[in-house]
Amino acid sequence: MTLPETDELQVDLGERGYSIFIGEQLLSRSGELISRVALSRRAFIVSNETVAPWYRESLQKSLADQNMDSDVLILPDGEQYKNWDELYTILGWLLASHAERKTPLIALGGGVIGDIGGLAAALYQRGMPLVQIPTSLLAQVDSSVGGKTAVNHPLGKNMIGAFHQPKLVLIDTETLATLPKREYISGIAEIIKYGAICNIGFLDRLEENARRLLARESSILRYVIKESCRIKAEIVAADERESGMRALLNLGHTFGHAIETALGYGTWLHGEAISAGMVLAARLSEEVCGLKVEDTERMIHILDSFGLPVRAPEIDPGTWLTLMQRDKKTVGGKTSFILLKQLGQAFVCDDVSDEALLKVIKYAAR
């Protein structure tokens, strides 16, 4: 049998470096790829009640073909379950199952499973091997790569977490066939972000191929996943712990996380909140660094062409300020923002006046 072509990217982090494989039918070949990096003949799989019925069997069979035993924990599905209670459930399961330090934990699911499973792997015995198998578009192009893991808190999104790089990322593009339309479109927001921050040519390509991407055509889908992962891998390799340029990946996220927290986790999907957040970041860029209105309008047009929100929900200005001041990018009480000099050229701005921020917040509340 001829196997489909597979792309391989490298995240260059020295001894902590790893491969990202992108292709079709990767789940059926996952055992062979995982066995290359595993130092144990046992694996622990964390998934959720939506993803597991679709893909657990294929993963476990592939592992068994490599003489690897596996245990599965199935969690509830939803952003609201990315919390301490579910994290504690995973840790208790690992303890009760006598998981060892070298036993890999495999996160099979979207961004919630990747984040919470990754944090459990970081904490258990001070670190166990992690394999990411993302099944949502958002997780495939963003959260599965780079080693950020976290749970949410009622006072702030992703505020409790750790850096824990995976040993391997397996992106089976066929899993997107079962992804609901709303979640698929949500993931496109993070793809657009890559073009907006550093690659105008990529943004042009997305704009030209909006209909094909919405139709989930395999060739354009494969291209945007690979290019998104390539951009992120390069940025992570240059700044693993977000001390500099990696912060650019947070375009729209200070606003977006505030939206998610204010409305309640899961009310707006992450990509939906980031979409509206990027528009607000562009409006703030107009005020602070003279971004052309035409660039903002183009961003709005691109986001809207994919059916993504371009207006923020109604949130009290005081709530906006309180939530953004709790953001991870706040230092000495002052919040940094990722702004745009022009589309394709982002930068970190530590000098945003209260007047400019309030103007944008009031705009959002209209």
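All figures in this text were calculated on a predicted structure; none of them were measured in a lab.
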Asp7: which residues meet the salt bridge (Lys or Arg N to Asp or Glu O under 4.0 Å) condition with it, sequence neighbours left out?
Arg222, Lys226
Quick one: does Ser62's side chain have a donor or acceptor within less than 3.5 Å of a partner on Leu59's backbone?
no
Stepwise side-chain contact (heavy atoms from CB on, under 4.5 Å) test for Leu105 and Leu130:
CA-CA 5 Å; Leu105 186 149; Leu130 171 66; 4.0 Å; yes
Non-hydrogen atoms of Leu340 and Met299 that approach each other most closely:
CD1-CE, 3.7 Å
Near Arg211 CZ, under 6.0 Å, is it more than 12 heavy atoms from other residues, nucleotides or ligands?
no
State whether a side-chain donor-acceptor pair under 3.5 Å links Glu260 with His253.
no
Between Leu176 and Leu108, is there a shared hydrophobic cluster once you connect ILVMFWY residues whose side-chain heavy atoms come closer than 4.5 Å?
no
Would you call the rings of His257 and His270 parallel, tilted or perpendicular, where under 30° means parallel and over 60° means perpendicular?
tilted
Would you find more than 12 non-hydrogen atoms of other residues, nucleotides or ligands less than 6.0 Å from Asp12 atom CG?
no
Check the side chains of Asn209 and Glu217 for a donor-acceptor pair under 3.5 angstrom, ignoring hydrogens and angles.
no
Output yes when Glu86 and Lys82 qualify as a salt bridge under the 4.0 Å nitrogen-oxygen rule, no when they do not.
no
Do Ser218 and Glu24 have side-chain atoms, one donor and one acceptor, less than 3.5 Å apart?
no
Output yes when a side-chain donor or acceptor of Gln132 lies under 3.5 Å from a complementary backbone atom of Gly114, and no otherwise.
yes
Identify whether the distance between the nearest side-chain nitrogen and carboxylate oxygen of Arg283 and Glu297 falls below 4.0 Å.
yes
Gap separating the CZ atom of Arg42 from the CE atom of Met68, nearest 0.5 angstrom:
11.0 Å
Could you tell me whether Arg205 and Glu208 make a salt bridge, using a distance below 4.0 angstrom between a side-chain N and a carboxylate O?
no
Testing the 3.5 Å rule here: is there a donor-acceptor pair between the side chains of Ser19 and Arg36?
no
Within the supplied structure, the quantity of interest is the number of heavy atoms (other residues, nucleotides, ligands) at a distance under 6.0 Å from Trp54 CH2; does it exceed 12?
no
With no hydrogens and no angle check, do the side chains of Ser40 and Glu100 hold a donor and an acceptor under 3.5 Å apart?
no
Indicate whether any N or O donor in one side chain lies under 3.5 Å from an N or O acceptor in the other, for Tyr55 and Ser47.
no
Taking only Lys NZ, Arg NE, NH1 and NH2, and the carboxylate oxygens of Asp or Glu, determine whether Lys148 and Asp142 approach each other closer than 4.0 Å.
no
More than 12 heavy atoms of other residues, nucleotides or ligands under 6.0 Å from OH of Tyr265: is that the case?
yes
Under a 4.5 Å side-chain heavy-atom rule over Ile, Leu, Val, Met, Phe, Trp and Tyr, are Val112 and Ile74 clustered together?
no
